[in-house]
Each structure stands twice: as structure tokens, then as C-alpha cells.
Amino acid sequence: DTQMTQSPSSLSAFVGDRVTITCRASHGIRDSLAWYQQKPGEAPKLLLFAASRLQSGVPSRFSGSVSGTDYALTISSLQPEDFATYFCQQYYSSPPTFGQGTKVEIK
Amino acid sequence: QVQLVQSRAEVRKPGASVKVSCKTSGYIFANYGVTWLRQAPGQGLEYMGKITGDKGFTNYAQTLQGRVTMTIDTSTTTAYMELQNLRSDDTAVYYCARVELSRVYEYWGQGTLVIVSS
């Protein structure tokens, strides 16, 4: 299975901060990577797919990038509603696998 | 609009079985598969398997082979996931999600908490 190593596991930030979360794939996944946001008691919400394509309806402050097997999710200016847990998922190979999550908390 | 509505929370003893349902609406059931994932407390998401919406072909995670069974009822556009021989580490929130052509998960059920405890 392709392992997804996500970092950091948690971070604290102020409203307005720029935040970056990264995922490293143990094998090449050819940009077949999605990012999800999950709030307590809710199902995950799809934010981006194909590493950098924004899902319809997702604010443009969310963006994705790639460098080799390292993938990044950036929130350009953190908003109060962005405090949540974020997961990456590779869907290049079966089974699809997820990162362990990054909890973004208010500083 | 696309909706996936799951059955309510369950409590089971170790060794028992549980069957979770996922009632879908708002799309052509046969055109999309349904995947099942679970999330143990404070943990990440784990893929359990998927089932096609037309013929009910299945693909299960190797770690659950022999304990998990996924089925569909096309007459009610409902997918089911049954897990047998439950253990305490099966305690988790179980989600169904529609499998998109892109293989990402845009539509999810609300989740079903399954607690395994003696």
C-alpha cells in the first residue's frame, strides 16, 4: 500500500495567517491526491483533487501544490471557519490511503 | 440533490456482527459505486472496500477480507456493509461515500458510530 505521511499533526495559527500542510507519498502517485476538511461530528468535505484543482464552491484561499512526491495544501489567509482537521488522500493506487490528519487550532 | 443517509448508531459485543445501511437518492444508483470507510476515535480514515451500483461487484480491503460483506439493493438504492466477528478495535465511525469517476469522494453519508464493548 502507498503510505501517506502528513505533517504537522497539529498547528496553532491566528486568523489571517498563511498555513501550509504537507503530505509525502511513499510511492509515486502522479498527482492523484485529494485534500479534505473535517469538522467535529461531520463527514469530510472535499476541497481539492488532482493535487491542485479546487472543488466547486471551495474558497480560492485554499490551494494545492506538488514537488516530486511532496504535496502541499495552503490556506492563504486563515478564516474562523477554517479551524478543522485536514486529510490528504491518494487515489492513484488501490487501496486508496489517507494521511493521519492535521488539526488546525486557533492561537 | 445527492444524498446518502446512514443508519443509526449501534452497540455490539465482541464476536457479534453489525450491518450498516446507506440509503442513496438524487442520482442514478447504477452509475456510481459506493465505498465504505471508517475512522477510529482520533484516527485517520481507513478504506474498507467498495461495491458497484449496477452489478454489485465488490473489492474489499485485504485487512478485512473474510469479515466484511458489502451488498446493494437496487430497488431501494441502498448499500449495506456488514462486519462480522467484531473486536474492540472495530469501534469507529463508519462512512459510506459515492465513488466519483475521478475516484475521490465528494458525497458522504453522515456517519454511523459503531461501538464494540463487552
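Chain letters run A, B, ... following the sequence lines, proteins first and then strands; every chain starts at 1. Just so it is clear, the values below take in all heavy atoms, side chains as well, and ignore hydrogens, waters and symmetry mates.
- No side-chain N or O of B:Tyr32 forms a donor-acceptor pair with one of B:Asp54 less than 3.5 Å apart.
- Contacts between A:Phe87 and chain B at a heavy-atom distance below 4.5 Å involve the side chain alone, from C-beta outward.
- Per-residue heavy-atom pair counts under 4.5 Å with chain B were compared for A:Gln89, A:Lys45, A:Lys103, and the maximum is reached by A:Gln89.
- Put simply, the side chain of B:Tyr47 never gets that close to the backbone of A:Ser94: no donor and acceptor are under 3.5 Å apart.
- By the rule that hydrophobic residues join a cluster once side-chain heavy atoms approach within less than 4.5 Å of another member, B:Val104 and A:Tyr86 end up as members of separate clusters.
- To the nearest 0.5 Å, atom CE of residue B:Met48 and atom CH2 of residue B:Trp36 are 8.5 Å apart.
- Using a 4.5 Å heavy-atom threshold, the side chains of A:Ser12 and A:Ile106 count as separate.
- Residues B:Gln39 and B:Glu46 are not in side-chain contact: their nearest non-hydrogen atoms beyond the backbone lie 4.5 Å or more apart.
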Pair B:Glu10, B:Arg8 - check salt bridge (charged side-chain N to carboxylate O under 4.0 Å, His left out), show working. CA-CA 7 Å; B:Glu10 305 270 13; B:Arg8 62 180 63 185; over 6 Å; no

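- Both A:Met4 and A:Leu48 are members of a single hydrophobic cluster when ILVMFWY side chains are connected at heavy-atom separations under 4.5 Å.
- Only the side chain of B:Leu37 comes within contact range of chain A, with heavy atoms under 4.5 Å apart.
- The main-chain N or O of A:Thr2 is found under 3.5 Å from a side-chain atom of A:Thr97 such that the two form a donor-acceptor pair.
- A side-chain donor from one of B:Glu106 and A:Gln55 sits under 3.5 Å from a side-chain acceptor of the other.
- Residue A:Thr85 does not touch chain B at all, counting heavy-atom pairs closer than 4.5 Å.
- Of all residues spanning residues 11-23 of chain B, none has a heavy atom less than 4.5 Å away from chain A's heavy atoms.
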Using salt bridge (charged side-chain N to carboxylate O under 4.0 Å, His left out), reason through B:Glu100 and B:Arg98 one step at a time and then give a plain yes or no. CA-CA 6 Å; B:Glu100 307 301 322; B:Arg98 193 178 81 169; 3.0 Å; yes

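- Scanning residues 59-83 of chain A against chain B with a 4.5 Å heavy-atom cutoff picks out nothing at all.
- For the pair A:Leu11/A:Val19, a side-chain contact is recorded, criterion being any heavy-atom separation below 4.5 Å from C-beta on.
- By a heavy-atom distance cut of under 4.5 Å, A:Ala34, A:Tyr36, A:Gln38, A:Glu42, A:Ala43, A:Pro44 are the residues of residues 21-44 of chain A near chain B, going up by number.
- Judged by distance alone, with hydrogens and angles left aside, the side-chain atoms of B:Gln6 form no donor-acceptor pair with the main-chain N or O of B:Trp108 at under 3.5 Å.
- At a heavy-atom separation below 4.5 angstrom, chain A is approached by B:Tyr95 within residues 62-95 of chain B.
- Side-chain N or O atoms of B:Thr35 include none that pairs as donor or acceptor with a backbone N or O of B:Ala97 at under 3.5 Å.
- In the hydrophobic clustering of this structure, B:Ile51 does not group with B:Tyr105; members are Ile, Leu, Val, Met, Phe, Trp, Tyr whose side-chain heavy atoms approach within less than 4.5 Å, directly or through other members.
- Residues B:Val34 and B:Val114 share a single hydrophobic cluster, defined by chaining ILVMFWY side chains whose heavy atoms lie under 4.5 Å apart.
- Counting only distance, with no hydrogens or angles, the side chain of A:Gln6 and the backbone of A:Ser9 share no donor-acceptor pair below 3.5 Å.
- Under the 4.5 Å side-chain heavy-atom criterion for Ile, Leu, Val, Met, Phe, Trp and Tyr, A:Leu47 and A:Phe49 are members of distinct hydrophobic clusters.
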